[in-house]
Protein chains: 2
Amino acid sequence: MKSSVKISDAVVRRLPVYLRFLNELNMRNVQTVSSQDLGLKLDLNPAQIRKDLAYFGEFGKKGIGYDVKYLIEKIRQILKLDQQINVALVGAGNLGHALCNYNAYFKDNMKITAVFDNHPSKVGTMINNLSVHPMSELARIVQEEQIRIGIITVPAPEAQHVANQFVEAGVEAILNFAPTIIKVPNELRVHHADFTIELFSLAYYLEEK
Amino acid sequence: MKSSVKISDAVVRRLPVYLRFLNELNMRNVQTVSSQDLGLKLDLNPAQIRKDLAYFGEFGKKGIGYDVKYLIEKIRQILKLDQQINVALVGAGNLGHALCNYNAYFKDNMKITAVFDNHPSKVGTMINNLSVHPMSELARIVQEEQIRIGIITVPAPEAQHVANQFVEAGVEAILNFAPTIIKVPNELRVHHADFTIELFSLAYYLEEK
DNA sequence: TAGATTGTTAATCGATTAACAATC
DNA sequence: TAGATTGTTAATCGATTAACAATC
C-alpha cells in the first residue's frame with residue numbers, strides 16, 4: 001500500500017463496485033479476472049481499473065489477471081470491511097426499515113446495531129430483531145456499542161439536529177439520506193445518499209416534448 | 001440558452017441542489033441571492049455556481065445577484081420540471097413505499113402515478129392512494145398514463161429483468177436503486193441511487209483501529 | 001459615485017485514457 | 001516461445017477556480 005499519495009474520492013467509490021462484482025464472480029467459482037473483463041461488465045476503462053488497484057498494491061499477475069479471492073480480500077482490507085463496523089440509524093420510517101433489511105446482505109462487516117426514533121408510535125417497536133430506542137439513549141448506546149457510523153433517515157428539517165447529536169455522541173462518519181445539506185466538524189466524513197438529485201437530474205435528459 | 005455546448009453531468013446534478021435551496025429562500029421570502037451566498041450555504045465555489053448558471057442564460061444582475069423567484073422558474077424549465085412527468089415504480093417493498101411518500105413533497109411536477117410488484121401478497125394492496133399492479137400490466141399502463149421514467153426498487157437479481165420490461169414498455173429513463181449495474185439501450189438514460197456504495201466508501205475514511 | 005456582483009476568459013488542477021515495456 | 005495482461009508513464013481530456021472587465 002503506497003501511502004503518501006492521496007487517493008481521490010472517485011477511486012474510493014469505485015472500490016465497492018469492484019468488490020460487489022468480484023463477490024459475484026467468486027460465487028460462480030471464477031478463479032481469475034482481467035481488467036478487460038471487469039471493464040466490460042462495469043462500463044469502465046480497463047486502464048482506469050488497473051490504475052485504481054495499483055494505488056494500493058500490485059494485486060495482479062502480468063499475462064494472467066487478478067485472482068478473484070485474493071483481490072476480494074485486498075479490497076475488503078482497503079475499505080476496512082475486514083473488521084466489524086457498527087452503524088446506528090435514526091429515523092424508523094419506511095426508508096429506515098428498508099435499510100435495516102440490508103443487514104443480512106452485508107454479512108458481518110457493516111451492521112446496523114441500533115435504531116432510534118423519537119416518535120412515540122415508533123419507540124419500543126421492533127424492526128427485524130432491533131428495538132427502536134428514543135433519541136435520549138443515542139449517546140449512551142453509541143458509546144456502549146462502539147458505533148462508528150450514523151445513518152440519517154429523518155425528514156429534511158430534522159436532519160441537521162440529528163447530525164449534531166451524532167457528532168456529540170462521537171460517531172466518525174455520517175450517511176445522510178435527507179434531501180438537505182448538513183454541516184459537521186471537519187474531522188467527520190459525510191456522504192449524501194440523495195435520490196431526489198438523481199431523479200430531478202434524470203428529468204433533464206428526457207426528450208423535449 | 002446556449003445550446004450546442006454540451007453540458008456535463010456534474011453541472012446538471014448541481015441544478016437540483018440549487019433549486020432546493022432557492023425554494024427554501026423563496027419560502028422565507030428572500031428576494032435576491034448572490035453566488036457568494038449560495039456557495040457558502042451549499043459548500044460550492046461561487047465561480048462554479050455562476051458558470052453553471054451561465055451555461056443556460058444570463059439570469060443574474062451585476063452588482064445585485066439573482067432574483068430568487070426568477071431563477072427558480074428558469075431552473076425548473078431547464079430540468080423540465082415545469083411540465084408534469086409521470087413515473088412508475090416497480091418493487092412495493094419498504095424502499096418503494098418510502099419513495100411513494102415523497103409524492104407530496106414533489107408537488108405536481110414529478111409524480112409516481114403507478115406501482116407494480118409481482119408478489120401475490122403485494123398485488124392489489126394500496127400504497128398511499130395508489131394500488132399495486134402486477135407486472136403484466138406494466139406496458140399497458142406506461143402507455144396509457146404516458147409514464148416517462150421508471151424506478152426500480154426490487155432486489156438486485158431481478159433488476160435487469162425489470163429494466164428490460166421498462167425498456168420494452170417505452171420509458172425514456174430509469175432510476176435504479178438495486179445494487180447492481182443494469183444494461184439498457186443507448187437512447188435511455190440510467191441513474192443509479194446505490195447507497196451501498198456510499199456506505200462502503202464511507203468505511204474507507206474511518207480512522208485506522 | 002463607490003461597492004457589489006455578474007459573466008467570462010485564462011490558469012490551474014485533477015481525472016481519465018492511451019501506450020508500452022515488463023513479464024507471467 | 002507466443003499471447004495475454006499487468007503496472008506505470010505520458011498524453012489527453014475535462015472540470016474547477018482565479019481574476020477581472022462590465023455594469024447594476
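Just so we're on the same page: letters track the sequence lines, and every chain starts at 1.
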To the nearest angstrom, how far is [X] atom [atom1] from [N] atom [atom2]?
X       : N      : atom1 : atom2 : answer
A:Leu71 : D:dT5  : CG    : C1'   : 14 Å
A:Phe56 : D:dT8  : CZ    : P     : 14 Å
A:Asp9  : D:dA15 : CG    : P     : 17 Å
B:Glu58 : C:dT5  : CD    : C1'   : 13 Å
A:Arg13 : C:dT16 : CZ    : P     : 12 Å
A:Asp67 : D:dT6  : CG    : P     : 13 Å
B:Leu40 : C:dT5  : CG    : P     : 12 Å
B:Asp37 : C:dA4  : CG    : C1'   : 11 Å

**Asked** Does a salt bridge link B:Asp82 with B:Arg76, judged by any charged N lying under 4.0 Å from a carboxylate O?
**Response**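 Looking at B:Asp82 and B:Arg76, the cut-off is not met.
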**Prompt:** Between B:Glu24 and B:Arg28, is there a side-chain N and carboxylate O pair less than 4.0 Å apart?
**Reply:**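 The answer is yes: the pair qualifies as a salt bridge.
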**Request:** State which residues pass salt bridge (charged side-chain N to carboxylate O under 4.0 Å, His left out) with A:Glu144; sequence neighbours excluded, sorted by chain then number.
**Result:**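 Applying salt bridge (charged side-chain N to carboxylate O under 4.0 Å, His left out) to A:Glu144 gives A:Arg140.
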**Asked** Which heavy atom of B:Ala169 sits nearest a heavy atom of B:Ala139, and at what distance?
**Response**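 Closest approach of B:Ala169 to B:Ala139, heavy atoms only: CB-CA, 3.8 Å.
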Just checking, is any N or O donor in the side chain of [X] or [Y] under 3.5 Å from an acceptor N or O on the other one?
X        : Y        : answer
A:Asn29  : A:Gln31  : no
B:Asn86  : B:Lys111 : no
A:Asn164 : A:Glu168 : no

**Item:** Structure string for DNA chain C in dot-bracket form, Watson-Crick and G-U at under 3.5 Å, | interchain
**Value:** ..||||||||||||||||||||||
**Request:** Verify the contact: side-chain N or O of B:Tyr66 to OP1 or OP2 of C:dG7, cut-off strictly under 4.0 Å; return yes or no.
**Result:**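 For C:dG7, OP1/OP2 do have a side-chain N/O of B:Tyr66 under 4.0 Å.
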**Prompt:** If only side-chain N and O atoms of A:Ser8 are considered, is one of them under 4.0 Å from the OP1 or OP2 phosphate oxygen of C:dA15?
**Reply:**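 Looking at the OP1 and OP2 atoms of C:dA15, one of them is under 4.0 Å from a side-chain N or O of A:Ser8.
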**Item:** Summary of side chain to side chain donor-acceptor pair (under 3.5 Å) pairs that have at least one residue in residues 172-191 of chain A, sequence neighbours excluded
**Value:**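 Qualifying pairs, neighbours excluded: A:Asp9-A:Arg189, A:Arg148-A:Glu172, A:Asn176-A:His192, A:Lys183-B:Asp43, A:Arg189-A:His191, A:His191-B:Glu198, A:His191-B:Ser201.
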**Asked** In terms of the nearest nucleotide of DNA chain C, which residue is placed more toward the 5' end: A:Asp52 or B:Leu53?
**Response**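 Its nearest nucleotide being more 5', the pick is B:Leu53.
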**Request:** Using heavy atoms and a sub-4.0 Å distance, could you list which residues of residues 27-35 of chain A are near DNA chain D? By number, please.
**Result:**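 Under 4.0 Å from DNA chain D: A:Ser34, A:Ser35.
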**Message:** Give me each pair satisfying ring pair (Phe, Tyr, Trp, His ring centres under 6.0 Å) with a member in residues 24-48 of chain A, each pair once, sequence neighbours excluded.
**Reply:**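 Every pair satisfying ring pair (Phe, Tyr, Trp, His ring centres under 6.0 Å) with a residue in residues 24-48 of chain A: there are none.
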**Request:** Can you check each nucleotide of nucleotides 17-24 of chain D against protein heavy atoms at under 4.0 Å and return B for base, S for sugar-phosphate only, - for none, in 5' to 3' order?
**Result:** BBB--BBB
**Request:** Could you tell me how the ring of B:Tyr70 sits relative to the ring of B:Phe59: parallel (under 30°), tilted (30 to 60°) or perpendicular (over 60°)?
**Result:**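 Taking B:Phe59 first and then B:Tyr70, their aromatic rings stand perpendicular (interplane angle over 60°).
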**Request:** State whether the side chain of A:Lys80 and the backbone N or O of B:Tyr204 hold a donor-acceptor pair below 3.5 Å, judged by distance alone.
**Result:**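 Yes; judged by distance alone, with no hydrogens or angles, the pair exists.
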